[in-house]
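Everything on this sheet refers to the single structure shown next.
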Amino acid sequence: MSQLIKGNQIAQNEWTRVIPPTFGDEPVRKQAGKVVMFKLHDEETFTQKQIDATEIPATGKILLPLTVWLAKKESLATRMAAGEIGIVLQTHEPIEKLVEAFDDLNSLPVIAVYVQIFADGRNFTLGNLLRTRYGFKNELRAVGDIMRDQLYFLKRSGFDSYLIKEGRNAEEAIASLNDFTQPYQGASDDVPVWRRVNRSQV
Amino acid sequence: MYKYDKIDQQLVNERVAQYRDQTRRYLAGELSEDEFRPIRLQNGLYIQRLAPMLRIAVPYGLLSSKQLRKLGDIAKKYDKDYGHFSTRQNLQLNWPKLEDVPDILAELATVEMHAIQTSGNCIRNITTDQFAGVAPDELFDPRAMAEIMRQWSTFHPEFALLPRKFKIAVSGTKEDRAVVQMHDIGMEFFKNDNDELRIKVWVGGGLGRTPILGSVIHESLEWQHALSYCEAIIRTYNMHGRRDNSYKARIKILVKAIGIEAFKEQVEAEWVHSKNGPLTITQAEFDRVSAYFEPMPYETLPANDASFDTQLASNPAFTAWVKRCVHPHKTAGYRAVTLSLKKHGEAPGDASSAQMHTVADLADAYSFGELRVSHEQNLILADVKLSDLFTVWEKARAAGLATPNIGLLTDIICCPGGDFCSLANAKSIPIAKSIQAQFDNLDYLHDIGDIEINISGCMNACGHHHVGHIGILGVDKGDTEWYQVSIGGKQGNDASLGSVIGPSFSAEEMPSVVQKLIDVYVQERTPEERFIDTARRIGMDPFKAHVYAESEEVTA
């Protein structure tokens, strides 16, 4: 069971991530015989067949892939209005598609950014842009291959909740949110150190 | 040089604690090999052929004598009593134990050093001219900006996991010695017509499997925007660089794929949002950091020194050394000195613990306690009085650090190669040694004159073979080691990439191949021509004909 860190502590995960089914005929890219895990910018996330076949739980708070939301939003309008729907953005999906899909991004109670492999650092840029450029104020959740050693960077990139991957100790991981006390550079959470403190007095 | 304040010190101390815990979790089986790999790489730790290799950061190549002594002590205590200075101006230990690395980092932290981001897919050590601050042709001392950028790039949260490694070089001279065109970002500082400090920014250069010289993305950037502009470039790269194929993941591939104009448009569109924002470097911060790089307290000296002139007139060995290893200085009566780590028969760039201590002592006695590492893998004393040169030479010579071969054929740039590196296709150090043995005659070396031979053990090009006047690349053909030779590469303002002369050679053939290339040069050169000039003038064919003709006769 994946554990959620929110507000510097383990928290109850109220949100169920909806994952489209796989049929085995989805296009797979291979390189030297190995499946390529990273999708390129704007590459298709799910086939139409997968989107059509996605079962959406009738009740409760759900995190929907952006593509599924776009395909089914008419039928889900009341649940969206009730605050029961959050959106999952994958790291290869253009952020503009998410932004354009909503009149007000802050109508979403939560946006989750999904990484398939932790070496994919695009989530940091996405988090930063959602906070600083698009003014998203609600919960920004890191999901997917999330481990302790990304937490500090995720926090500085605007994330405030982290779904630690299964089998990892989330309680111990909390400490890494504060691995460093006084970072050098500006990020979504703060200005550069020289604007933060008077270094000639340190 | 820059001195840590409490903030810098706290950061490296916290890093030691963080990495200690990461190592503990790995050894306890809580982190898999795959998960630990990027973590240890971002701390410069490779798992190599025979042992781990730890790369220690030497920011923009600047060291204090205290730091060098500590490096010597660490090499003695945790390694086999020597270290290897790399083409990124860093120091590599070839035999540390994985379990000892946290302790090594703790020792480094006591002298304001670390191994942060010396490898991995992140912003690497920022490099610059080894003569920064003392070169007569310098327009701007780039070290303060290099330090500002070092701090900005250290644990940058957004750029912690880029598609691939990212290298930045800065330079402030007319004659580029920092090879800015070979970097992911190269920044050349200059003063415009109104005497304002500006930056010519290059992007998308790099060696490796696909060598490309950088393209100019900004002709004249105001210095205050250095960070916001770099962020715009790297953000664009982070989002759009390829991650599906590590051989195509460098920024150069992205720039080449969409073209510099389209890439520039994307960067400018990104930059609009951050230009003039909090990343804008303030004059106060620039001044604060610049204060650490004030000129040394030089004595007022005459331009000439009688004792130096006497030694020069009477001692040919000293004269040869001065000719190759002593460089001009901004300040009258001072010179910069290169201590050669290219003694014939030794691995290029290697220094023993004892040599590190000797150099630290020399720096204390004769060069204000500081020294530099050059990307040509030598050590530099930047501020030596003319009247001290003879003494420095004698002491350096006694320590095997005064081979008068700087810029000559045996001053070979060379990666650790297959003796150590698990990426290598072939060994490189024995090739360097065999070439040094072939040309072990100083008069002959001086007659051949300026030439750069660069050797890499694989196409990752740590030995910068593409820009060697003669470049040698180790290739792997069915479990045997072969060497591909190129000529016509060059670093500097008129940088060029070498062209391969033909089929590759065995290790045994390499000294005679180089010999034949030199023979063609010696025969064809005009009196003023360097090897590279002749190679550019007469082209590949005469070299090719001579190198391959005879080998065909032998086999015929």
Side-chain angles (χ1 to χ4, degrees), chain A residues 29 31-32 36-41 43 91-92 94-95 115 117-129 132-133 145 147-150 152-158 168-169 172 175-176 178-195 197-200 202, chain B residues 5-8 10-11 14-15 17-18 21-22 25 30-31 34-39 42 121-122 148 150-163 227-228 231 234-236 238-246 249 273-274 277-282 284-289 291:
Chain A
R29 278 196 308 127
Q31 198 112 50
V36 175
M37 303 278 275
F38 293 105
K39 282 195 157 71
L40 296 177
H41 189 75
E43 195 174 326
T91 50
H92 65 280
I95 192 170
V115 277
I117 335 173
F118 67 103
D120 183 352
R122 288 177 289 195
N123 52 353
F124 303 130
T125 290
L126 290 170
N128 186 18
L129 292 180
T132 60
R133 187 162 308 165
D145 198 14
M147 286 177 292
R148 174 174 181 168
D149 303 290
Q150 297 136 289
Y152 180 75
F153 296 134
L154 287 167
K155 181 179 91 167
R156 295 216 67 207
S157 299
R168 299 306 156 123
N169 189 322
E172 285 180 11
S176 280
N178 299 302
D179 272 347
F180 300 98
T181 311
Q182 194 72 271
Y184 281 133
Q185 61 291 103
S188 76
D189 61 343
D190 215 333
V191 293
V193 63
W194 77 83
R195 292 183 187 271
V197 293
N198 185 350
R199 289 193 78 177
S200 54
V202 170
Chain B
D5 63 13
K6 282 180 187 160
I7 289 172
D8 303 292
Q10 182 179 37
L11 194 92
E14 287 171 340
R15 170 55 162 183
Q18 181 194 42
D21 188 60
Q22 289 169 334
R25 283 186 278 136
E30 294 171 29
L31 283 169
D34 279 352
E35 290 162 357
F36 187 53
R37 186 182 306 114
I39 290 170
Q42 301 235 336
N121 296 337
C122 49
I148 287 171
R150 179 192 77 81
Q151 298 192 13
W152 156 78
S153 63
T154 301
F155 299 131
H156 197 299
E158 191 179 336
F159 307 136
L161 293 163
L162 294 170
L227 300 183
S228 62
E231 285 213 356
I234 303 174
R235 180 171 297 149
T236 303
N238 192 37
M239 291 312 287
H240 299 283
R242 287 183 65 170
R243 291 170 186 270
D244 57 327
N245 180 339
S246 64
H273 299 281
S274 56
L279 291 173
T280 312
I281 304 166
T282 57
E285 174 63 1
F286 180 76
D287 292 345
R288 181 187 76 85
V289 178

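In what follows, chains are A, B, ... by sequence order, proteins preceding strands, each numbered from 1.
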For [X], is it the side chain, the backbone, both or neither that has a heavy atom under 4.5 Å from a heavy atom of chain B?
| X | value |
| --- | --- |
| A:Ser188 | neither |
| A:Leu154 | neither |
| A:Asp120 | both |
| A:Arg29 | side chain |
| A:Arg122 | both |

Using non-hydrogen atoms and a 4.5 Å limit, figure out which bit of [X] sits close to chain A: side chain, backbone, both or neither.
| X | answer |
| --- | --- |
| B:Gln151 | both |
| B:Arg25 | side chain |
| B:Arg243 | both |
| B:Glu158 | both |
| B:Thr280 | both |
| B:Ser274 | neither |

Q: Calculate, to the nearest 0.5 Å, the distance between atoms OH and CZ belonging to A:Tyr184 and B:Phe155 respectively.
A: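 The distance works out to 9.0 Å.
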
If you count heavy-atom pairs under 4.5 Å with chain A, which of [options] comes out on top?
| options | answer |
| --- | --- |
| B:Ala284, B:Ala160, B:Gly277 | B:Ala160 |
| B:Lys6, B:Glu231, B:His156 | B:His156 |
| B:Leu162, B:Leu161, B:Leu11 | B:Leu161 |
| B:Leu31, B:Asn121, B:Asp8, B:Asp21 | B:Asp8 |

Q) Is the backbone of A:Leu40 close enough, under 3.5 Å, to the side chain of B:Asp244 for a donor and an acceptor to pair up by distance? A)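 Here the side-chain-to-backbone pair does not exist.
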
Q: Mark yes or no for whether A:Gln185, through its side chain, and B:Thr154, through its backbone, hold a donor-acceptor pair below 3.5 Å.
A: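 Yes.
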
Looking only at heavy atoms, which two atoms of [X] and [Y] are closest? And how far apart?
| X | Y | value |
| --- | --- | --- |
| B:Met239 | A:Thr91 | CE-O, 4.1 Å |
| A:Gly121 | B:Asn238 | O-ND2, 3.1 Å |
| B:Pro157 | A:Ala187 | CG-CB, 3.7 Å |

Q | Salt-bridge present (B:Glu35, A:Arg168; N to O < 4.0 Å) | A |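 Yes, this pair counts.
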
Chain B contacts, top residue of [options] (heavy-atom pairs, under 4.5 Å):
| options | answer |
| --- | --- |
| A:Asp189, A:Val36, A:Asp149 | A:Asp149 |
| A:Arg133, A:Gln150, A:Met147 | A:Arg133 |
| A:Trp194, A:Tyr152, A:Phe118 | A:Trp194 |
| A:Arg148, A:Gln182, A:Arg156, A:Lys155 | A:Arg148 |
| A:Glu172, A:His41, A:Arg199, A:Met37 | A:Arg199 |

(Q) Could you walk me through whether B:Arg235 and A:Asn128 satisfy the side chain to side chain contact (heavy atoms under 4.5 Å, CB included) test, starting with their C-alpha distance in whole Å, then the side-chain angles of each, then the deciding distance to 0.1 Å, before giving a yes or no? (A) CA-CA 10 Å; B:Arg235 180 171 297 149; A:Asn128 186 18; 3.1 Å; yes

Q.
Between A:Phe38 and B:Arg242, is the side chain to side chain contact (heavy atoms under 4.5 Å, CB included) condition met? List the steps.
A. CA-CA 9 Å; A:Phe38 293 105; B:Arg242 287 183 65 170; over 6 Å; no

Q) Name the one of A:Thr181, A:Asn178, A:Asp179 that satisfies side chain to side chain contact (heavy atoms under 4.5 Å, CB included) with B:Glu14? A)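 Looking at A:Thr181, A:Asn178, A:Asp179, the match for B:Glu14 under the side chain to side chain contact (heavy atoms under 4.5 Å, CB included) is A:Thr181.
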
Q: Take B:Arg288 and A:Asn198, measure what side chain to side chain contact (heavy atoms under 4.5 Å, CB included) needs, and give me the verdict at the end.
A: CA-CA 10 Å; B:Arg288 181 187 76 85; A:Asn198 185 350; over 6 Å; no

